[in-house]
Peer 1: 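There's a structure below that I have some questions on.
Chain letters run A, B, ... following the sequence lines, proteins first, then strands; residues in each count from 1. Heavy atoms only: backbone and side chains are in, while hydrogens, waters and symmetry mates are out. As the structure is a prediction and not an experimental result, all values here were calculated from the model.
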Number of protein chains: 2
Amino acid sequence: MAIESSAATAGESAPGCPDDLAYDVFARECPSREALKHITDRWGSLTLGALLDGTFRFNELRRRVEGVSEKMLAQTLHALERDGLVHREAQQSNPPRVDYALTPLGNQVARQLRLLIDLVEDRMPQVLAAREHYDARHTAG
Amino acid sequence: MAIESSAATAGESAPGCPDDLAYDVFARECPSREALKHITDRWGSLTLGALLDGTFRFNELRRRVEGVSEKMLAQTLHALERDGLVHREAQQSNPPRVDYALTPLGNQVARQLRLLIDLVEDRMPQVLAAREHYDARHTAG
DNA sequence: CTGCATCCCTGATGATACTG
DNA sequence: CAGTATCATCAGGGATGCAG
């Protein structure tokens with residue numbers, strides 16, 4: 001886990017990206033691809049979506065994101081925290097209590113993501129219809 | 001590859017989903033999760049994004065989505081076509097020519113996805129700064 | 001050019017057990 | 001409760017070869 005100095009402070013060029021100030025996800029190796037991946041991957045998207053509803057403790061989140069394992073939730077939260085999307089607040093109590101919430105940046109991203117999720121959920125009947133049609137054509141014909 | 005009859009035509013309940021008319025991605029097994037996955041996964045998101053610029057042939061797409069292999073692009077296009085997001089038009093010519101384009105539904109989804117991608121690209125400096133900060137705290141102590 | 005099939009490897013994911 | 005560590009598994013993904 002090497003810590004490479006990155007062009008964070010100013011608008012310097014990023015390794016693998018087309019040019020200064022540009023973070024094109026379509027370009028290989030561009031760090032924006034990795035960030036997008038954290039946001040959109042299986043558990044990242046659901047975790048961000050869940051946190052849009054408020055602040056939650058670890059196990060509360062686990063219950064909200066159905067099917068996520070302990071390990072994957074921890075891993076997902078770490079990645080999102082590192083990317084500055086999630087804020088982690090641990091209290092030194094017994095039993096321990098840790099709260100997770102979106103940062104302002106995380107909130108922006110999660111809301112944009114939410115719009116996409118809502119759209120997909122809303123259009124599911126169309127998607128399912130398309131699948132039936134596709135499957136019918138690719139078995140009979 | 002079994003073809004299960006799905007509730008596509010009307011607003012009937014979907015297997016694994018909370019109730020009729022609802023396609024909650026947070027629920028296990030809900031088909032909306034699978035659809036969202038096709039849209040947001042590594043190559044799906046980039047392919048949809050690329051098709052937002054117009055109609056392309058297979059190898060044109062391959063060049064646009066840097067780093068995608070033949071296999072994965074084909075697989076991705078199939079999934080998106082089956083979900084009704086991408087339209088495939090094959091011409092019986094020699095050499096063969098196949099054009100891929102977004103369907104109206106695919107266009108809606110891709111545009112919503114684009115907004116998310118644009119946001120992420122735009123905020124990359126913040127993300128990279130957050131990573132530096134996080135890494136600094138988690139090594140020094 | 002399009003694109004399917006096959007082999008193979010790595011990384012992602014899950015179940016379980018253990019620690020503070 | 002909130003994780004971490006370990007091991008087993010499986011899907012994702014790349015390389016190659018072949019067919020229309």
Peer 1: Taking atom C1' of D/dG12 as reference, at what distance in whole Å does atom NE2 of B/H38 sit?
Peer 2: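 Computing the B/H38:NE2 to D/dG12:C1' distance gives 12 Å.
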
Peer 1: Classify the nucleic acid contact of A/R88 as base, sugar-phosphate or nothing, counting any heavy atom under 4.0 Å across all strands shown.
Peer 2: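 The answer is sugar-phosphate, as A/R88 gets under 4.0 Å only of primed atoms, P, OP1 or OP2.
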
Peer 1: Please round to the nearest 0.5 Å and tell me the distance separating atom CG of A/L73 and atom CH2 of A/W43.
Peer 2: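 Between A/L73 CG and A/W43 CH2, I get 9.5 Å after rounding to 0.5 Å.
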
Peer 1: On DNA chain C, compare the nucleotides closest to A/G67 and A/P95; which residue's is nearer the 5' end?
Peer 2: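 Closer to the 5' end of DNA chain C: A/G67.
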
Peer 1: Which letter, B, S or -, goes with each nucleotide of nucleotides 15-20 of chain D from 5' to 3', with contact meaning a protein heavy atom under 4.0 Å?
Peer 2: B-B--B

Peer 1: B/R64: which residues meet the salt bridge (charged side-chain N to carboxylate O under 4.0 Å, His left out) condition with it, sequence neighbours left out?
Peer 2: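 Per chain and number, B/R64 pairs via salt bridge (charged side-chain N to carboxylate O under 4.0 Å, His left out) with B/D53.
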
Peer 1: Between the opening five pairs and the closing five pairs of the helix from C/dC1-D/dG20 to C/dG20-D/dC1, how far apart are the helix axes, to 10°?
Peer 2: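 The end-segment axes of the helix from C/dC1-D/dG20 to C/dG20-D/dC1 are tilted 40° relative to each other.
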
Peer 1: Within this structure, what is the CH2-to-P distance between B/W43 and D/dG13, rounded to whole angstrom?
Peer 2: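 Answer to the nearest Å: 7 Å.
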
Peer 1: When you list every nucleotide of DNA chain C with an atom under 4.0 Å from a heavy atom of chain A, which one comes first 5' to 3', and which comes last?
Peer 2: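 First and last nucleotides in contact are C/dA12 to C/dG20.
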
Peer 1: For DNA chain D, what residues of residues 48-58 of chain A have any heavy atom nearer than 4.0 Å?
Peer 2: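 Contacting residues: A/R57, A/F58.
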
Peer 1: With sequence neighbours excluded, give me every salt bridge (charged side-chain N to carboxylate O under 4.0 Å, His left out) pair touching residues 91-106 of chain A.
Peer 2: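 The answer is A/R97-A/D99.
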
Peer 1: Given side chains that start at C-beta, do those of A/F56 and A/L61 come closer than 4.5 Å, heavy atoms only?
Peer 2: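 Yes, close enough: below the 4.5 Å cut-off.
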
Peer 1: Whole-Å distance between D/dA11 C1' and A/D41 CG?
Peer 2: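 Atom-to-atom, A/D41 to D/dA11, this comes out as 14 Å.
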
Peer 1: Which residues pass the salt bridge (charged side-chain N to carboxylate O under 4.0 Å, His left out) test with A/R123, not counting sequence neighbours?
Peer 2: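 Listed in chain order: nothing, the list is empty.
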
Peer 1: List in chain and number order the residues that pass salt bridge (charged side-chain N to carboxylate O under 4.0 Å, His left out) with A/R114, two or more places apart in sequence or in another chain; answer none if no residue qualifies.
Peer 2: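 With neighbours one apart ignored, the set is A/D118.
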
Peer 1: Residues two or more places apart in sequence or in another chain: which of them pass side-chain hydrogen bond (donor to acceptor under 3.5 Å, both in side chains) with B/N59?
Peer 2: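 B/N59 satisfies side-chain hydrogen bond (donor to acceptor under 3.5 Å, both in side chains) with no other residue.
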
Peer 1: Apply the side chain to side chain contact (heavy atoms under 4.5 Å, CB included) test between A/I117 and each candidate in A/L119, A/V120, A/L115, A/L113; give the one that qualifies.
Peer 2: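 Exactly one candidate clears the test, A/L113.
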
Peer 1: Distance check, rounded to the nearest 0.5 Å: B/L77 atom CG versus B/L85 atom CG?
Peer 2: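 Rounded to the nearest 0.5 Å, the CG-CG separation comes to 11.0 Å.
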
Peer 1: Compare all side-chain heavy atoms of B/H78 with those of B/Q75 and state whether any distance is below 4.5 angstrom.
Peer 2: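 No - every pair of side-chain heavy atoms lies 4.5 Å or more apart.
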
Peer 1: More than 12 foreign heavy atoms under 6.0 Å from CD of B/E89: is that the case here?
Peer 2: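 No, not enclosed.
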
Peer 1: Minimum heavy-atom separation for B/C30 to B/D24, with atom names?
Peer 2: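 Distance-wise, the nearest heavy atoms are CB-O, 3.4 Å.
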
Peer 1: Of the non-hydrogen atoms in B/A50 and B/V65, which two are nearest, and what is the gap between them?
Peer 2: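 Result for this residue pair: CB-CG2, 4.0 Å.
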
Peer 1: Check the distance between D/dC1's P and A/E60's CD and give it to me in whole angstrom.
Peer 2: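 In whole Å, D/dC1 P and A/E60 CD are 10 Å from each other.
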
Peer 1: What is the separation between atom CE on A/M72 and atom C1' on D/dT9, rounded to the nearest whole Å?
Peer 2: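 That distance rounds to 14 Å.
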
Peer 1: Between B/E66 and A/R33, does any NZ, NE, NH1 or NH2 come within less than 4.0 Å of an OD or OE carboxylate oxygen?
Peer 2: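 No.
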
Peer 1: Using whole Å, report how far CZ of A/R33 lies from P of D/dG13.
Peer 2: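 Going from CZ in A/R33 over to P in D/dG13 covers 11 Å.
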
Peer 1: Tell me, please, which residues at least two apart from B/R88 pass salt bridge (charged side-chain N to carboxylate O under 4.0 Å, His left out).
Peer 2: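 For B/R88, no residue satisfies salt bridge (charged side-chain N to carboxylate O under 4.0 Å, His left out) once neighbours in sequence are set aside.
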
Peer 1: Tell me the ring pair (Phe, Tyr, Trp, His ring centres under 6.0 Å) pairs involving residues 81-137 of chain B, sequence neighbours left out?
Peer 2: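 Non-adjacent pairs meeting ring pair (Phe, Tyr, Trp, His ring centres under 6.0 Å): B/Y134-B/H138.
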
Peer 1: So which of residues 73-87 of chain A are in contact with DNA chain C, with a heavy-atom cut-off of under 4.0 Å?
Peer 2: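 Contacts with DNA chain C under 4.0 Å: none.
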
